[in-house]
Amino acid sequence: MASTSAEIIAFVLSISGWVLVSSTLPTDYWKVSSIDGTVITTATFWANLWKTCVTDSTGVSNCKDFPSMLALDGYIQACRGLMISAVCLGFFGAVFGLVGMKCTKIGGADHTKARIACLAGLIFILSGLCSMTSCSLYANKITSEFFDPTFVAQKYELGAALFIGWAGASLCIIGGSIFCFSIAESSSAPRRGYVYNGATSVMSSRTKVHTTVPDKSSPKHFDKNAYV
């Protein structure tokens with residue numbers, strides 16, 4: 001019962017993390033222009049993995065898609081690949097998680113379902129690591145440009161999408177770890193042992209009854225001629 005509850009909690013955490021990671025991919029605010037040192041802000045620059053935009057003081061946004069994938073910076077291409085991999089791995093992890101949970105009626109025996117659940121946990125952990133690496137790589141680029149005194153172009157700060165991605169990755173890693181520990185709980189469950197004492201024959205049981213039951217009949221008296 002405890003293992004089943006742990007699997008349900010792990011599945012809920014993993015699916016929640018996968019949903020957050022999936023929502024991070026199309027989110028606009030991966031980085032937002034810094035307003036440090038400015039008195040009046042007339043425009044806000046922001047960008048994500050697919051486009052860069054500017055929003056003026058009236059709220060009108062003008063966006064420009066990245067012209068070519070081959071002309072992009074290396075870190076943006078790496079972040080795209082990692083985030084897409086994280087979403088795909090999370091989908092397969094959800095499928096294997098449904099099959100491997102004890103509360104479902106598919107997947108075969110309990111031992112086989114435990115292995116499938118462990119595989120789902122490993123996939124979720126890998127998905128969380130991909131998302132964590134992507135967000136950390138993007139954030140490292142932003143912070144390195146922000147604290148570089150020789151960088152004279154527009155400086156940016158961390159956007160909300162990065163924090164959502166980190167939260168989703170953490171949930172995927174935690175849920176996947178619980179899935180992996182569920183197979184250890186299943187293998188350490190006590191098993192009943194049966195002792196075979198052997199079949200008892202009918203003759204041996206009758207012999208035991210005759211030997212154990214005392215003879216309560218009255219003593220017999222013999223005539224004198226019986227001793228001749």
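Worth knowing before you read on, the calculation uses all heavy atoms, side chains too, and leaves out hydrogens, waters and symmetry mates.
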Under 4.5 Å between any side-chain heavy atoms of [X] and [Y], yes or no?
| X | Y | value |
| --- | --- | --- |
| Lys102 | Glu7 | yes |
| Leu25 | Val21 | no |
| Asn62 | Cys53 | no |

Which donor-acceptor pairs under 3.5 Å do side chains of residues 158-175 form with protein atoms, sequence neighbours excluded?
{"residue": "Trp166", "atom": "NE1", "partner": "Ser136", "partner atom": "OG", "Å": "3.3"}
{"residue": "Ser170", "atom": "OG", "partner": "Trp166", "partner atom": "O", "Å": "2.9"}

Among Ile, Leu, Val, Met, Phe, Trp and Tyr joined by side-chain contacts under 4.5 Å, find the other residues sharing a cluster with Val152 and list them by chain and number.
->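 Direct or chained contacts put Val152 with none.
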Residues that, via side-chain heavy atoms closer than 4.5 angstrom, fall in one hydrophobic cluster with Val32 |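 Its cluster partners, ordered by chain and number, are Tyr29, Trp46.
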Partner residues of Thr27 under the side-chain hydrogen bond (donor to acceptor under 3.5 Å, both in side chains) criterion, sequence neighbours left out |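 Partners of Thr27 by the side-chain hydrogen bond (donor to acceptor under 3.5 Å, both in side chains) criterion come out as none, since no residue qualifies.
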Test side-chain contact (heavy atoms from CB on, under 4.5 Å) on Val12 and Ser16 and set out the steps.
-> CA-CA 6 Å; Val12 172; Ser16 301; 4.2 Å; yes
For Val19, enumerate each residue passing the side chain to side chain contact (heavy atoms under 4.5 Å, CB included) test, keeping only those at least two apart in sequence or located in another chain.
->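 For Val19 the side chain to side chain contact (heavy atoms under 4.5 Å, CB included) partners, ignoring immediate neighbours, are Ile15.
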In chain order, what residues pass the side chain to side chain contact (heavy atoms under 4.5 Å, CB included) check against Asp148, with sequence neighbours excluded?
->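 By the side chain to side chain contact (heavy atoms under 4.5 Å, CB included) rule, Asp148 matches Thr150, Phe151.
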In chain order, what residues pass the disulfide bond (SG atoms under 2.5 Å apart) check against Cys103, with sequence neighbours excluded?
->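 None.
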Spatial distance of atom [atom1] ([X]) from atom [atom2] ([Y]) [nearest 0.5 Å]:
| X | Y | atom1 | atom2 | result |
| --- | --- | --- | --- | --- |
| Cys118 | Lys113 | SG | NZ | 14.5 Å |
| Phe179 | Ile125 | CZ | CD1 | 11.0 Å |
| Ile9 | Thr4 | CD1 | OG1 | 11.0 Å |

Scan for side-chain hydrogen bond (donor to acceptor under 3.5 Å, both in side chains) pairs involving residues 123-134, sequence neighbours excluded, and state none if there are none.
->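 As it turns out, there is no side-chain hydrogen bond (donor to acceptor under 3.5 Å, both in side chains) pair with a partner in residues 123-134 once direct neighbours are skipped.
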Which pairs, with at least one residue in residues 114-123 and sequence neighbours excluded, count as a side-chain hydrogen bond (donor to acceptor under 3.5 Å, both in side chains)?
->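 Matches after skipping sequence neighbours: His111-Arg115.
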Sequence neighbours excluded and cut-off under 3.5 Å, please list the side-chain donor-acceptor pairs for residues 80-101, or say none.
{"residue": "Arg80", "atom": "NE", "partner": "Leu49", "partner atom": "O", "Å": "2.7"}
{"residue": "Arg80", "atom": "NH2", "partner": "Leu49", "partner atom": "O", "Å": "2.8"}
{"residue": "Ser85", "atom": "OG", "partner": "Gly81", "partner atom": "O", "Å": "2.8"}

Say whether, by atom type as modelled, one donor and one acceptor occur between the side chain of Ser14 and the main chain of Phe11 under 3.5 angstrom.
->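 Here the side-chain-to-backbone pair does not exist.
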Has the side chain of Asp73 got a donor or acceptor atom that lies under 3.5 Å from a matching backbone atom of Ile76?
->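 No; zero donor-acceptor contacts below 3.5 Å.
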Lys141: what forms a salt bridge (Lys or Arg N to Asp or Glu O under 4.0 Å) with it, not counting sequence neighbours?
->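 Salt bridge (Lys or Arg N to Asp or Glu O under 4.0 Å) check on Lys141 returns Glu145.
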[X] with [Y], same ILVMFWY side-chain cluster at under 4.5 Å:
| X | Y | answer |
| --- | --- | --- |
| Trp30 | Met132 | yes |
| Leu20 | Ile178 | yes |
| Tyr156 | Leu72 | yes |

Using the ring-ring contact (aromatic ring centres under 6.0 Å, His included) rule, collect all pairs that involve residues 47-86, keeping only residues at least two apart or in two chains.
->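 As it turns out, the ring-ring contact (aromatic ring centres under 6.0 Å, His included) pairs with a partner in residues 47-86, which skip direct neighbours, are Tyr75-Tyr138.
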Exercise: identify the closest heavy-atom pair between Leu137 and Cys79 |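 Closest pair (atom of Leu137, atom of Cys79, distance): CD2-SG, 4.1 Å.
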